[in-house]
Amino acid sequence: LVSRYNGEVGDIVVGRITEVQQKRWKVETNSRLDSVLLLSSVNLPGGELRRRSAEDELAMRDYLQEGDLISAEVQSIFADGAVSLHTRSLKYGKLGQGVLVQVSPSLVKRQKTHFHDLPCGASVILGNNGFIWIYPTPEQKDEEAGGFTTNLEPVSLSDREVISRLRNCIVALVTQKLMLFDTSILYCYEASLPHRIKDILKPEVMEEIVLETRKRLLDLEG
């Protein structure tokens, strides 16, 4: 189950910028080789469309720098298997505050959408590459920034509790080898509510809530 991510065109991934190079960023996406995000494959701040200039190259570190997390889509695969990414839609871009969980890519179920606003008050991005991002659901969608501004206001305690519970539920599902998608995560979250957040990581509690999740998923299919 310790598999590396093999990119497919159209996949949604969450990655971390590891290096700023000439006209491109290197991105760690849990695959064999570093992925590449070209300067020509990102929205310019404000979403304007024009050719990239020398000033844009000099400002690359202002857009994204080492350590930044991004969500992106796989645009193409190079001959050596490295993945080329793009963030041209406003739903992709730099990620703000939240929690990253790394799981095996084989446990992330492929779906039409990998961005989910869960009814419990948090949102998740289920990267096909096994990187899962949990963050507070934004009150209003910020379409103006072109995906570069990050909200760094303090996250309320209730939001942090929801995010921590979701994180532990995802860890529980992964430990019990259950596929991750919006419904399984939500059912697991609901099954975990009688327990304290830190108790979810106890093996016997993990087993109990994942068993209940499995049962509800079977009832749903049945």
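- D159 and Y135 are not linked by any side-chain donor-acceptor pair at a separation below 3.5 angstrom, with hydrogens and angles left out of the test.
- D68 pairs by the salt bridge (Lys or Arg N to Asp or Glu O under 4.0 Å) definition with K94, not counting sequence neighbours.
- Between E66 and R61, some side-chain heavy-atom pair lies under the 4.5 Å cut-off.
- With sequence neighbours excluded, no residue forms a side-chain hydrogen bond (donor to acceptor under 3.5 Å, both in side chains) with R167.
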Compile the donor-acceptor pairs under 3.5 Å between side chains in residues 30-37 and protein atoms, sequence neighbours left out, one pair per line.
unit_1, atom_1, unit_2, atom_2, d
N30, OD1, R4, NH1, 3.2
N30, ND2, N129, O, 2.9
S31, OG, T29, OG1, 3.1
S31, OG, L33, O, 3.0
R32, NH2, D80, O, 3.4
S35, OG, T29, OG1, 2.6

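- Applying the side-chain hydrogen bond (donor to acceptor under 3.5 Å, both in side chains) rule to H195 yields the partners E208; only residues at least two apart in sequence or on another chain are considered.
- Under the side-chain hydrogen bond (donor to acceptor under 3.5 Å, both in side chains) criterion, R160 pairs with no residue, sequence neighbours left out.
- The hydrophobic cluster containing V13 also contains V9, counting ILVMFWY residues as joined when their side-chain heavy atoms lie under 4.5 angstrom apart, directly or transitively.
- Between H86 and Y92, the ring planes are perpendicular. Angles over 60° get that label, and only those under 30° would be called parallel.
- Hydrophobic clustering keeps L166 apart from L157 (ILVMFWY residues linked when any side-chain heavy atoms are closer than 4.5 Å, directly or through intermediates).
- Ion pairing of K202 with D199 is present here, as a side-chain N (NZ or NE/NH1/NH2) and a carboxylate O approach within less than 4.0 Å.
- With sequence neighbours excluded, no residue forms a side-chain hydrogen bond (donor to acceptor under 3.5 Å, both in side chains) with S84.
- In this structure, W25 contributes its side chain and T18 its backbone to no donor-acceptor pair below 3.5 Å.
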